[in-house]
Amino acid sequence: MGLLGFLSRDKILNENRSKPFYENKSNDERKDWFSRTRPWHKVHSRIVDTIVSKFGNNPMFEAFVIVSMQENLVSKYIDINSSNILDDNDIICSTISGILCVTGSYATNMLINVILINKTGLEKAQEHYRTVRMAFESAIILESRQVVAYYGLAFVCKLINKSDEAIKYAQDGIAVIHDIRDQNIPFHLSKIDYVENADRDMKNMESNLNSIITDLQ
């Protein structure tokens, strides 16, 4: 296929080139924005519908869009094409939440590098901090049991001396762990390593969260 053929195939009817996401006032407007804005127009409509339903009017929706564009995550959403995922809204949310957590964890490592190792300036540290907050907080909205996100936020808030916020995120994370544990999910029966070891990993995470609280109180 030639260049002209490709451009014709990827043409978007009434493509949006200027309307910012925050100007959308309803879920219908948000869905329309995604369908007419690159590269979101390639994300499966079922994923878009699920995301829109989950965030709704939450102000963090714009942060989710920003961090997804900024960190090139939209391409990862486009690659989600398995029917096993697309047929279940909860799995869609969990999958995207996991992608955001990977991004948040990477930004956390970059923040640590700037603050503790390179000490290269406040502006760069603030940039990584914004990414951490947008990624992890968006991850929690999509999957409220995302323990990794609570830990990441608690750790970073402790790192930059936001003690009250660090304690709050740590407490929330511990509450989520207790809620999951109360459900008596038989993780140990799974053949998938990270699922089979979930009980052990949650125990370690709970210990780390308690350590943050102890250090700050």
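Throughout, residue positions are numbered sequentially from 1 according to the sequence presented. Atoms considered below: every heavy atom in the structure, side chains included; atoms not considered: hydrogens, waters and symmetry mates.
Atom-to-atom distance recorded for Leu153:CG and Ile140:CD1 is 5.0 Å, nearest 0.5 angstrom. Taken from CD1 in Ile92 to CD1 in Ile85, the straight-line distance is 8.0 Å, to the nearest 0.5 Å. For the atom pair CG (Asn81) and CG (Leu86), the distance works out to 7.0 Å, reported to the nearest 0.5 Å. Within the model, atoms CG of Leu100 and NZ of Lys76 stand 11.0 Å from one another, a figure rounded to the nearest 0.5 Å. Distance CD1/Ile167 to CG/Leu216: 5.0 Å, rounded to 0.5 Å.
Screening Gln146, Glu143, Arg145 for a side chain to side chain donor-acceptor pair (under 3.5 Å) with Ser97, the sole residue that qualifies is Gln146. For the pairing with Phe155, the side chain to side chain contact (heavy atoms under 4.5 Å, CB included) check across Leu209, Val132, Ile112 returns one residue only, Ile112.
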I'd like a table of donor-acceptor pairs (distance under 3.5 Å, sequence neighbours excluded) in which one partner is a side-chain atom from residues 59-71, with atom names and distances.
from  : atom 1 : to     : atom 2 : distance (Å)
Ser68 : OG     : Phe64  : O      : 2.7
Ser68 : OG     : Tyr77  : OH     : 2.8
Gln70 : NE2    : Thr131 : OG1    : 2.8

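Within a 6.0 Å sphere centred on CG of Asp87, other residues, nucleotides and ligands contribute more than 12 heavy atoms.
A side-chain N or O of Lys19 and one of Asn24 form a donor-acceptor pair less than 3.5 Å apart.
The side chain to side chain donor-acceptor pair (under 3.5 Å) contacts involving residues 132-141 comprise Tyr129-Arg133, Arg133-Glu137, Arg133-Glu165, Arg133-Tyr169, Glu137-Tyr169, where partners must be two or more places apart or lie in separate chains.
Salt bridge status for Asp164 with Lys168: absent, with no side-chain N to carboxylate O gap under 4.0 Å.
In this structure, the side chain to side chain contact (heavy atoms under 4.5 Å, CB included) partners of Tyr106, at least two apart in sequence or on a different chain, are Met110.
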